[in-house]
Amino acid sequence: MTRTGTRGLSKTWRVGSIFGGGLIVLIVLFFVSLCYGEASIPLHTVIEALTQRQNTLEHNMVWDLRMPRTVIGILAGGALAIAGALLQAITKNPLAASDTLGINAGAYFVVVLGAVMFPGLLHQAPFLFAAVGGLLAAVLAYFMGGGRAGSPIRLALAGLIVSMVLGSFTGALHIFYSFETQGLFLWGSGSLVQNDWSGTTYAWPWVVGLSVIAFLLSRQFDVLDLDESTSTSLGQKVSLTRAVGIVLAVLLSTITVSVIGPIGFVGLVAPHLVRLSGLKMHRWVLPGSFLWGALLLTGADVLAKMVHQSSMDLPTGAMMALIGAPWLIWLILWKMKLPSGINGQSSMNIGVRSRKLPYGRLVTLLGCGAVLLTVFSLMFGGMRIPVGDLLSGLFGGENANSALLQFRIPRTLVAAGAGIALAVSGVLIQLAVRNPLADASIIGVSSGAGFGALAVIIVWPGLPVYMLPIAAIAGATVSAAVIFFLSWNNHLNPSVVILLGIAVSAIGAAGIQILIIQGSLWGSTGYIWLTGSTYARNWGQVATILAFLLVLLPIAWWLARRFDLLVFDDSSAMGLGLPVRRTRLLAMAVGVLLAGGAVACVGTVGFIGLIAPHIVRTLIGHHVRRSIVLSSILGAVMLVLADTIGRTVLAPTEIPSGLLIALIGAPYFLYLMYRSNKSKSV
Amino acid sequence: MKKMLNSLLLFVVFTIVLAGCGAAGDSSKTEGTAGSEQTSTTAGPVTVKDDHGEVKLDKPAERVVVLEWTFTEDLIALGVQPVGNADNENYKLWVTPEAKLADTVTDIGTRGEPNLEAIAALKPDLIISNADNNAAIYAQLKGIAPTIEFDPYKGNGYDYDRMVEIFKQVAVATGKTEQADKVLSELDQHYVEAKATLEKAGKADFHYALTQAFTAQNAASLRMFKENSVVVGTLAKIGMVNDWKSDKTEKYGFSTVGIEALPAVQDSNFIYITQKTDDVFGAAMKNNSVWNGLNFVKEKRTYPLDGTTWTFGGPISSKVLVDQVVGALTK
């Protein structure tokens, strides 16, 4: 047999296994899904229902409740997978998919917004809202990722960050308009539950039609795989193909979001499974992706049904994240072409620094500002306290105000302490991974800590309180260790670290969701705790955060001189005689411990560790000790301010501080992205 | 560098001083509040039994802050309006208008995160809290005023006996034990009459399944009540028989299910509570073959109740539930 013959044979085998094997698995899952539900229906009845349907309850249940759920799973999984395959071809980016480009988050945000602003209109045309949102998010991500000049990794990062920003806006809508968005809450995690066929009848013409169009255009998409010069020589046609592909992908994913909510990772994983088998041509890749996407989502749904707790369902999306996130990690580490000149890229400089300000004056100014703000913040809350009472209260006069002393002071102190811990943790983690876009929340440490703490609350509610910070730290350490060691061989490349962090965050968030469901914590304290809250913090938490700060801040201070050298690239640092990796590990360890302490006290407040050090850098440049001091003050100011606003604006109802921080922090992060992008391309 | 360190130190010292004053001033203040309003009533000290043991009050409470609607309703049944209640707006939406909250009651925030300062500002002499939601702030509540805390869902869940037990303790705390006995005996009388009405209508020993349903995840989500719920206990008083069985222990007294679980009770009678804005069993089920195939749907044995029929309430809710059910069955 000739060489080409063997190749032909193995290709047949590959096609056979991808399509034949996939189809067999899908059929098996299809049956399992039909057999699995609240009512117990034996297999032979299911088969009977399929072959000779009669108007009995059991047959109707199989046909009109379980079948729509299974079918929408197949359609949605397929649609998301084709969208992913198209986006990967268009952006030449193995990490592209409708969720990693922000399309799902955008669609969902606009749907929730619609539920608040135009409930009637939303009810009539949910697809319209979803499509508008998805398209806007895609455009935003594209623009932020540097447009055509942007690298694949940048684009994926931008998309994920756009998702985060929109996610925080959606979270805000859920809290401010909890009544209007009530029904959307679980849907927000993606759920396949169907009342009847209406969702399916609504979606299938779109999904099938758009998929067929994509298939018919598969030759055009093949052209996109050619190298840049060859494809540009084909001129206008390529950009047209790109545009058509993006529209197809956006429509396919937004129709899915409008029926079952945002579900991630399907579009990322399925096309890769197909391409792994060596299939490259789109006429194979597209139908293969559809098949495997359908298979993945149906499988995730079957698993989610198994976790079903009598009080509530596990969203299919959470299960999909548990399956898909490890894939994202694998893709990042072994399947992605990392940019060359890694060390050169990961500079700590972001944007243009204007001029340095005198440090001493800055400290005095900010310090005074912080003290003033603290006093000011003590005046606001559920009840207003006049300045006179405040002063006499402070100095133990007759008029001492109990509300002030019992409630405001401890929560203000906890906010300040946690703000300091998060900010310093940001300084250290940014140094450790030499990445100006890193902080505890972005690299997944916060959600790991949140998972640990929540596990203690729910699984062992009887444990003493001091276990909470310990569990938070354990969770934080595990996620940090995973990220740190996985990205070690990539020299802690900034993009790799953030992408890994996002994957780990997704696993943590899915775990948290399962815990909330198992512990029946839905909607109340659990959710608010996870967005980060300074509500009702007491002296116990003041002691906890103080203990963390008293132990860790001096260590950070003491090590700061060594950390200073981490700013340079590895080779220069090593030339200066620094054991680079050990120092990085140290910085990381201290940073993670600080973050864990903060999470134990105020929940998963994000972005402070990102914003505070950055602002400080633009003010004074690099200097670790100074940065620690100034960032501390800024971090404290930010969280105290968020706490004050959160307890005052809607009083007596409280707004979680973490949410307020995210509302400012996430867009700021987007802005940083944009700036770093701009300064690099210049 | 020194200068900066100094200012940081100053900041730290300042905050610690703040903290110290806080701790010291705290206790003195609380005592002051408790002592100031003594002579208003002549009734003697009372002892309330709550989940933590016993709470002694120098006199029956007058200014009560309530963090859970169940207890609010208990108070109102005793003829007492609280000075503060959690989430007034939703109370009016979910709890029967027969337990009407006065307009003078101050809203103190959500049930999950009630505003501690707003509570303190009301200078209550009693706080009634729900351990299921408020366990984390128990210590702080006690710092404001004497606090009694119940977890309605502890043990066998919030069943009928638990409802009566908590109602009686709320009565003890407010010095209204006579009123409580009167309310309960009137309620028993009401049950006797309702039972007679049902018998007369030929609905004695009426079998039923009761649900409170809403749309979640774009699909119907049903809370099917079982024996350890106050609603099933109430309906047992008028001779009705609950057909919903579940092997699982249900903390809140109901199983959450979808439409698929209904065939199990299709020969029973289906009583449901839905909100006007969320018509779970109306238009949404019009073309649903499973729903339409259920015996109680085919034979028109479905009975809607008003959306404000509160299923976790006290004596007033029990009375309203009985009125609602009898009204629906004898229509």
Side-chain angles (χ1 to χ4, degrees), chain A residues 37-39 55-57 60-61 63-65 183 186-187 191 193-196 199 310-313 315 359-360 363-364 367 370-371 374 381-383 393-396 400-403 405-410 413 416 520 524-525 528 533 535-536 538-539 542 625-626 629 647 651-654, chain B residues 1 3-4 7-8 10-11 14-15 18-19 21-26 28-30 33 107-110 112-118 120-121 133 136-137 139-140 143-144 215-220 246 248 250-252 255-261 263-264 266 284-285 287-290 293-294:
Chain A
E38 282 168 301
N55 193 15
T56 67
L57 261 183
N60 285 344
M61 261 195 273
W63 275 98
D64 293 340
L65 288 178
L186 259 172
W187 185 43
S191 158
V193 187
Q194 300 290 307
N195 251 350
D196 48 33
S310 91
S311 46
M312 46 200 122
D313 260 333
Y359 172 64
V363 171
T364 326
V371 172
T374 311
M383 50 195 266
L394 284 182
F395 299 109
N401 200 308
S402 68
L405 300 167
Q406 285 182 66
F407 309 126
R408 280 186 208 173
I409 293 180
L413 286 183
S520 300
S524 58
T525 34
I528 291 178
S533 169
Y535 170 76
N538 55 31
W539 292 104
V542 176
R625 284 192 174 169
R626 293 179 172 186
V629 173
R647 67 170 187 238
T653 307
E654 305 234 356
Chain B
M1 187 70 60
K3 204 168 130 197
M4 162 277 292
S7 37
L8 180 71
L10 199 72
F11 176 63
F14 184 69
T15 44
L18 275 178
C21 295
D26 179 9
S28 63
K29 179 60 199 166
T30 320
T33 323
D107 193 317
I108 46 107
T110 60
E113 293 196 337
N115 193 310
L116 295 171
E117 297 186 5
N133 268 350
I137 52 167
Q140 282 148 306
I144 301 174
T215 304
Q217 317 178 10
N218 283 352
S246 156
K248 285 186 195 145
E250 302 287 3
K251 181 182 168 195
Y252 295 107
S255 329
T256 306
V257 300
I259 294 295
E260 262 198 30
Q266 62 168 329
M285 287 294 151
N287 298 318
N288 189 308
S289 68
V290 176
L294 293 166

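Chain A is the first sequence line, chain B the second, and so forth, proteins listed ahead of strands; every chain is numbered from 1.
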For this session: May I ask you to name which of Thr653(A), Asp64(A), Thr56(A) has the most heavy-atom pairs under 4.5 Å with chain B?
Result: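 Counting heavy-atom pairs under 4.5 Å, the top option is Asp64(A).
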Exercise. Quick check: does any side chain N or O of Tyr535(A) sit under 3.5 Å from a backbone N or O of Asn115(B), one acting as donor and the other as acceptor?
Worked result: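 Looks like no, no N/O pair under 3.5 Å.
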For this session: Against chain A, work out which of Ser246(B), Gly109(B), Ala220(B) has the most heavy-atom pairs shorter than 4.5 Å and name it.
Result: Gly109(B)
For this session: Give the member of Ala264(B), Ala261(B), Pro263(B) that has the highest number of heavy-atom pairs under 4.5 Å with chain A.
Result: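 That would be Pro263(B).
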Exercise. With a 4.5 angstrom heavy-atom cut-off, which part of Ile108(B) approaches chain A: side chain, backbone, both or neither?
Worked result: backbone
For this session: Give a yes-or-no answer on whether the side chains of Asn287(B) and Asp196(A) include a donor-acceptor pair shorter than 3.5 Å.
Result: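 Asn287(B) vs Asp196(A): no donor-acceptor pair found between side chains.
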Exercise. Are Ser289(B) and Met61(A) close enough that some pair of their side-chain heavy atoms sits under 4.5 Å apart?
Worked result: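 Of all side-chain heavy-atom pairs linking Met61(A) with Ser289(B), none is under 4.5 Å.
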Problem set entry | Minimal non-hydrogen separation, Val542(A) against Pro410(A), with atom names |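 Looking at all heavy atoms of both residues, the closest pair is CG2-O, 3.5 Å.
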